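See structure below.
Keep in mind that the numbers below use all heavy atoms, side chains included, and drop hydrogens, waters and symmetry copies. Chain naming here is simple, since letters A, B, ... match the order of the sequence lines and numbering starts at 1 in each. All values derive from a computational prediction rather than experimental measurement.
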Protein chains: 2
Amino acid sequence: MKISKYPQKETWSELVKRPVLQREKLTELIADIFNEVEKNGDQALIDFNKKFDKVEVKNINVSEEEIENVENLISTELKQAIQQAKDNITKFHASQIVEIEKVETTKGVICWRENRAIEKVGIYIPGGTAPLFSTVLMLAIPAQLAGCKEIILCTPPDKNGNINPAILYTAKLCGVTKIFKTGGAQAIAAMTFGTQSIPNVYKIFGPGNQFVVAAKEYAQSFGVSIDMPAGPSEVLVIADEKAVPAFCAADLLSQAEHGSDSQVIFLSTEEKIFNQTIEETEKQLKELPRNEFAGEALKNSHFVLLKNLDEALEFSNLYTPEHLILALKDYEKYILKIQNAGSVFLGNYSCESAGDYASGTNHTLPTNGFAKNYSGVSLDSFVKKITFQHLSKEGLQNLGKTIEIMAEAEGLFAHKNAVSIRLNQENERV
Amino acid sequence: MKISKYPQKETWSELVKRPVLQREKLTELIADIFNEVEKNGDQALIDFNKKFDKVEVKNINVSEEEIENVENLISTELKQAIQQAKDNITKFHASQIVEIEKVETTKGVICWRENRAIEKVGIYIPGGTAPLFSTVLMLAIPAQLAGCKEIILCTPPDKNGNINPAILYTAKLCGVTKIFKTGGAQAIAAMTFGTQSIPNVYKIFGPGNQFVVAAKEYAQSFGVSIDMPAGPSEVLVIADEKAVPAFCAADLLSQAEHGSDSQVIFLSTEEKIFNQTIEETEKQLKELPRNEFAGEALKNSHFVLLKNLDEALEFSNLYTPEHLILALKDYEKYILKIQNAGSVFLGNYSCESAGDYASGTNHTLPTNGFAKNYSGVSLDSFVKKITFQHLSKEGLQNLGKTIEIMAEAEGLFAHKNAVSIRLNQENERV
């Protein structure tokens with residue numbers, strides 16, 4: 001924990017610096033994996049399962065039977081929880097569907113946009129200790145709402161060749177069309193090129209380790225797009241005199257437990273709240289099962305006492321957190337001052353976990369300062385917006401001279417001619 | 001021109017193949033330029049102007065005087081044309097502003113999104129024979145509408161060290177905040193790192209040659225985002241018996257004149273229209289000033305006669321054109337069948353030039369098949385969408401159990417605790 005009280009503004013740029021990621025140069029390794037998968041398809045995936053994940057999987061396809069059986073492996077309680085989360089996420093993402101608005105920009109000239117789903121999308125879900133079925137919800141629900149025809153999911157199998165039941169159950173519930181037992185960079189390669197079993201996709205979503213991150217970047221050179229650049233998770237909490245130190249500490253720790261590279265920042269204007277939150281954080285940390293991760297993460301984290309809330313917002317915008325919690329009495333007053341953040345939680349009862357799981361907002365968010373120029377995942381991430389226009393003969397008459405003059409000024413005479421030939425020709429057939 | 005009549009569907013995948021781009025490996029050259037600009041700032045740009053563009057520029061800043069004087073260098077006619085285009089582009093892009101809609105996903109749980117402008121954006125405008133002031137309109141207008149604070153523009157100076165007056169005039173008119181005389185990869189490097197004169201930006205827009213394209217890709221590794229991947233311009237025209245061959249030919253040629261790597265595709269269901277369009281294209285080509293480019297482009301282009309319009313739409317979706325013209329009587333019937341396209345022009349009077357200049361739609365569009373997974377530039381390209389949520393105490397009570405169950409199932413106990421601590425604590429202060 002790094003504690004600063006009333007630091008000079010000139011020092012802020014140091015305070016908001018993120019730990020430099022020691023990311024290995026993986027390009028060659030990734031290129032080799034891509035080559036192998038492009039050449040040998042399913043067999044390459046089976047071989048990589050053996051090599052990297054130490055598991056023999058005869059068939060990378062999850063069978064109908066496995067999917068049917070999963071119902072029995074999930075408790076009713078968890079099913080109900082997943083259902084409530086699904087309902088909320090569906091409601092919020094459905095509200096992002098925009099009605100088509102036709103605009104007559106000049107008499108006879110009508111322009112509009114229509115959404116079309118990206119036809120084929122791929123979701124990557126990491127294996128490991130935490131089975132991220134919540135990420136399945138966050139990616140499959142908007143994909144299905146958008147109308148994507150093919151929604152495939154790749155995730156590494158466990159030591160027995162099985163996929164975590166909660167992931168399988170959620171995928172089935174949310175309309176994932178095909179599920180495959182493959183992970184790592186090879187799964188990303190498979191979704192890029194397609195294999196005998198796995199269809200190629202146009203866009204790949206989802207978190208992963210450094211191999212997956214590097215593979216997603218590499219996939220872009222084959223025309224595949226990705227959800228957003230990756231980085232470790234973060235939260236920044238701003239607390240005034242009405243904040244509850246125990247709540248703030250719990251929020252900071254819920255972020256810190258993600259991994260030792262997570263970062264948490266606490267800003268306060270009240271010294272008493274500030275000190276109590278530090279104490280609470282240390283106290284709660286000891287009781288956590290994942291306190292090793294969280295403890296590591298806290299070492300890189302800043303607790304900063306500031307003069308006033310305007311300063312705190314300025315600091316936050318400079319840092320650009322993935323998650324921002326305003327534990328403030330008058331949080332409404334500060335909403336418009338938020339310039340850079342992924343997702344914002346308002347008041348004492350809006351804990352980050354709510355947005356991580358079940359309130360309805362998406363938890364796939366820009367980290368590492370990318371909220372300066374990227375949005376989190378939303379319905380928009382699964383569609384293209386196509387522009388349409390119709391010009392009547394009158395419309396072209398009203399606009400034609402302008403187009404001709406501009407085209408000529410750019411030296412593009414065929415562009416001009418496409419207008420002139422229409423304006424000059426008396427054609428009864430049209 | 002490659003002419004196919006009623007090709008078997010199995011051969012379509014060959015017909016929709018784009019010419020392979022001979023793109024040199026520029027990574028090392030680009031990395032050197034970036035290093036140089038990062039180290040020497042403005043002086044590097046002045047040196048590169050000399051080296052690459054053979055022009056001595058003492059100061060890369062466009063002066064107030066140059067901006068003031070430009071008014072006198074533009075004809076009233078062109079000013080009026082630019083104004084009409086600006087009005088339409090403004091109207092259409094302003095219609096993309098979405099009202100904030102708050103959604104109560106569960107009683108006491110309110111979620112919504114708000115737009116925030118990307119604070120600093122950069123526009124690149126190429127030099128060369130065609131002064132693309134229309135692209136200034138297409139990028140600066142939505143940037144200003146979105147509320148970007150810093151909108152800078154880089155473009156290479158001519159042999160006399162001046163910037164094309166139409167570019168300067170349009171930039172001034174559309175709220176560009178600073179203009180710089182620098183082009184090529186070095187301009188992209190300058191916007192990435194910042195120099196003494198040029199502020200760094202978070203997102204870079206605009207077309208360019210292979211050096212600029214490679215530099216934009218490279219800039220992404222420093223956290224800068226870009227408008228979209230680049231490729232040569234394309235149009236696909238679908239014509240039925242009501243189409244006018246002279247119009248179709250003019251549209252095909254207006255695309256072909258962009259460059260020898262442009263591609264145009266003509267699909268028709270009517271043999272008479274098909275043959276007449278081929279004839280007209282050859283005839284009109286001869287009369288064009290840029291017929292060398294257009295002639296080259298036509299060599300790579302397909303004219304395909306098909307059985308019916310459903311087939312034509314299927315072919316078009318497979319090809320995924322940047323521009324799609326439906327020269328059809330009943331174009332409405334086919335709108336919903338369009339799956340992949342950048343921008344669509346409906347009927348006999350909606351020529352592509354209208355959208356290129358003045359109808360209101362944006363002309364910065366995904367080429368090279370990228371319309372499968374990318375949208376064209378719009379107001380959205382200049383904003384981030386931040387999600388917000390507020391949970392009342394009641395809201396958290398309604399949702400808390402779900403969050404606790406899910407967090408526990410993922411093994412994230414600090415996430416669970418952030419809820420439990422709130423639900424369990426009787427706290428009078430909050």
Determine whether the aromatic ring centres of residues B/Tyr331 and A/His390 are separated by less than 6.0 angstrom.
yes
Could you look at B/Glu287 and say if it's the side chain, the backbone, both or neither that has a heavy atom under 4.5 Å from chain A?
neither
B/Glu114 versus chain A, the contacting section by heavy-atom distance below 4.5 Å:
side chain
Would a distance-only check, ignoring hydrogens and angles, find a side-chain to backbone donor-acceptor pair under 3.5 Å from B/Asn373 to A/Gly223?
yes
Largest heavy-atom contact set with chain B, pairs under 4.5 Å, which of A/Ser225, A/Ser392, A/Ala250
A/Ser225
So which part of A/Gln284 gets closer than 4.5 Å to some heavy atom of chain B, the side chain, the backbone, both or neither?
side chain
Return yes if some donor-acceptor pair links the side-chain N/O of B/Gln84 with the main-chain N/O of A/Asn398 below 3.5 Å, else return no.
yes
Please determine, among A/Ala166, A/Ser378, A/Ala407, the option with the most heavy-atom pairs under 4.5 Å with chain B.
A/Ala407
Atom group of B/Lys401 that falls short of 4.5 Å from chain A, counting heavy atoms
side chain
What are the two closest heavy atoms between A/Lys372 and B/Lys384, and how far apart are they?
O-CD, 3.1 Å
Checking A/Tyr374 against chain B: side chain, backbone, both or neither under 4.5 Å from a heavy atom?
both
Pair count under 4.5 Å, heavy atoms only, with chain B: among A/Leu285, A/Asn362, A/Asp251, A/Ile89, highest is A/Asp251
Tell me, for B/Val344 versus chain A, whether the close heavy atoms (under 4.5 Å) come from the side chain, the backbone, both or neither.
both
Working note: B/Gln397 + A/Tyr349, criterion side-chain contact (heavy atoms from CB on, under 4.5 Å); need CA distance, chi angles, decisive distance, verdict.
CA-CA 9 Å; B/Gln397 277 159 351; A/Tyr349 286 98; over 6 Å; no
Proximity breakdown for B/Ile338 and chain A, heavy-atom pairs closer than 4.5 Å
both
Side chain, backbone, both or neither: which part of B/Phe388 has a non-hydrogen atom closer than 4.5 Å to chain A?
both
In terms of side-chain heavy atoms, does B/Thr387 have a donor or acceptor partner in A/Ser343 at a distance below 3.5 Å?
yes
Under 4.5 Å to a heavy atom of chain A? For B/Pro289 that would be side chain
Please confirm whether the backbone N or O of A/Val244 pairs with a side-chain atom of B/Gln425, one donor and one acceptor, at under 3.5 Å?
no
What part of A/Leu396 lies closer than 4.5 angstrom to a heavy atom of chain B: side chain, backbone, both or neither?
side chain
